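Source: prediction; values computed, not measured. Throughout, a chain's letter reflects where its sequence line sits, starting with A, and its residues are numbered from 1.
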Amino acid sequence: MKYMLLIYSGGAAGDFAAWMDYDKSVKEAGVYVSGESLTDIAQATTVRVDGAERVVTDGPFAESREVLGGYYVLDVPDRETALDWAARCPGSWEGGAVVLRECEQF
Amino acid sequence: MTGDVNASVEAIFREERGRLLAALVRRFGDLDLAEEVTSEAIEAALVHWPADGVPASPGAWLMTTARRRAVDRLRRDRTYAARLALLQVEVDRTGPPVFEGTLPDERLRLFFTFAHPALPEADRGALTLRYLAGLTTAEVARAYLVPVETMAKRLVRAKKKISVARIPFRVPEPHELPARLPGVLQAIYSIFTEGYAASAGPDLVRHDLAEEALRLARILHRLLPGEREATGLLALMLLTHARRAARTGPDGGLVLLEDQDRSRWDRAMIDEGEPLVVTALTGGPPGPYGVQAAIAALHDEEPTDWPQIVSLYDVLRSLAPSPVVDLNRAVAVAMRDGPEAGLALLDALAGEPRLRGLHVYPAARGELLRRLGRPAEAAGAFREALELVGSEPERRHLLARLADVTR
Amino acid sequence: MKYMLLIHGASDACTPQEWGDYDKSLRDAGVHVDGNPLGEPSLSTAVHISADGEKVVTDGPYAEAREVLGGYYIIDVPDLDAATDWAARCPGARHGGSMVVRPIIEYT
């Protein structure tokens with residue numbers, strides 16, 4: 001089962017060593033599928049297609065307090081295991097949170 | 001002698017700064033680097049030119065100096081150079097850099113980059129003024145009436161997005177132009193309107209700002225001679241700016257069109273703008289800037305052809321509907337059919353949310369009520385307008401009108 | 001340059017065929033890096049570590065966004081214009097949906 005871990009970082013965002021350790025551990029455990037860090041939200045651009053017209057605007061389309069900072073996709077047997085990995089992720093520490101979403105299987 | 005050299009050095013910099021920066025961005029693909037070495041080259045010129053004389057080709061001198069500085073910098077900073085080398089591969093793929101003595105004009109790319117829809121709308125005019133018109137950050141801050149630090153932060157943030165999100169330095173393909181050109185025109189026009197009807201402050205027209213916008217519109221028109229809306233924008237600005245001297249009276253108050261001293265209109269600007277209107281409206285369906293230019297041209301004629309102006313507002317309303325256009329049309333109708341007809345149209349706009357907070361709506365109502373001999377209501381409208389007005393000359397005009405109807 | 005395309009509020013009006021075609025076009029163009037559709041938000045779970053070091057698990061999405069993230073793509077393209085071109089071609093950009101394009105941090 002594939003899960004996406006959406007990272008809304010708190011105080012641990014800049015703890016580079018912790019992120020390196022975590023990245024290493026998901027890869028060594030063989031559960032890592034993919035993952036990326038995102039640049040800050042000011043660099044975001046929104047695209048909508050209205051009929052034939054393309055509307056490109058500056059910034060995210062909806063202001064939310066918590067900003068997605070990155071993600072991991074992990075392949076693990078069940079939700080419990082996914083939750084364990086989420087708790088080990090530095091993004092869930094120090095006021096941050098990690099949201100777990102199941103990937104759809106087609 | 002030194003003074004002469006300094007003056008001509010300043011003039012050259014104003015003209016060459018944007019060109020130089022654009023050519024360097026094209027060469028190195030990096031706005032920050034281009035900005036730094038442009039400044040360094042100009043500083044070097046300030047040292048060498050007064051002593052050695054202005055070189056035969058100042059632009060080429062500046063470009064050569066700036067390129068050397070850039071290469072020096074890249075040699076010193078290897079990681080930076082590695083990143084740029086990657087960028088350079090892409091730049092080279094899109095065409096070889098041309099540099100044969102004269103400075104190539106690469107500014108069109110920057111017009112499109114700075115007006116990119118992924119940048120905040122408020123920053124587009126500021127970027128254009130800073131890097132294409134060559135104003136200092138302090139001058140741009142003054143243009144938008146914000147503290148220098150605020151403007152510096154906005155420019156840094158916008159530049160960061162250009163670099164991190166990689167907004168390209170390129171001219172859109174012809175099929176993309178209809179979507180992208182209006183943004184560029186809007187950025188220039190926003191500079192002009194900020195200068196023209198200064199939203200706050202002691203002057204009605206901030207000539208320096210309006211003239212920078214005109215200079216930018218001329219450059220854009222030269223770079224895109226076949227784009228009728230770019231022509232229309234230049235014409236609109238020329239034909240509006242031609243009346244600048246007559247718009248303020250000896251007391252510093254606003255003077256309405258019908259009371260203006262026509263001998264103070266700038267005939268040369270009108271003569272330059274009028275043929276451009278014809279070009280803008282020939283060879284295809286009209287665009288909003290072309291139509292507005294035609295309206296401005298009719299305002300520059302004596303007597304004013306109000307029926308024709310009303311029909312042009314009808315066209316404009318179909319091209320770019322907005323309550324501000326409706327308001328202007330209502331005023332033109334009042335001039336054509338009398339104040340009563342205009343007032344009925346204005347009253348139909350009451351409660352329009354996009355007019356809320358603008359002094360022009362109550363000011364126009366007050367004027368028509370005054371003409372209809374309804375002084376009490378006119379006074380109420382003028383008082384409402386006075387609450388909202390920002391510029392000093394317009395405030396004076398409204399105070400004079402209020403005094404007139406409460407006498 | 002890698003970009004993440006976040007698919008928000010994708011409409012049910014988009015057919016599986018449209019999604020399949022889009023997915024294929026990304027792969028055919030050689031820009032596809034990764035991508036997944038996500039299960040419905042009611043299935044999501046939030047995790048955080050409390051001040052005393054405890055793992056806290058709660059139901060539901062953490063950020064209350066009006067439009068919910070429905071999936072994503074990672075693409076590798078030269079610049080933002082190319083990224084927004086691909087975003088505009090995605091079924092998620094139509095019928096009232098929005099695509100947010102975010103540059104990815106490259107650690108080299």
Under-4.0 Å salt bridge between A:K2 and A:E102: no
Between C:L6 and chain A, with a heavy-atom cut-off of 4.5 Å, which part of the residue counts as in contact: side chain, backbone, both or neither? side chain
Of the backbone (N, CA, C, O) and the side chain (C-beta and beyond), which part of A:D84 lies under 4.5 Å from a heavy atom of chain C, both, or neither? both
Which portion of A:L6 sits near chain C, non-hydrogen atoms under 4.5 angstrom: side chain
Give the member of A:S34, A:S92, A:G91 that has the highest number of heavy-atom pairs under 4.5 Å with chain C. A:S92
Contact part of A:V55 toward chain C, heavy-atom cut-off under 4.5 Å: side chain, backbone, both or neither? neither
For C:R94, is the CZ atom crowded, meaning more than 12 foreign heavy atoms sit under 6.0 Å from it? yes
Would you call C:D85 and C:R89 a salt bridge, taking side-chain N to carboxylate O under 4.0 Å as the test? no
Measuring from atom CD1 of C:I7 to atom OH of C:Y73, what distance do you get when rounded to the nearest 0.5 angstrom? 6.0 Å
Would you please name every residue forming a ring pair (Phe, Tyr, Trp, His ring centres under 6.0 Å) with A:Y3, sequence neighbours left out? none
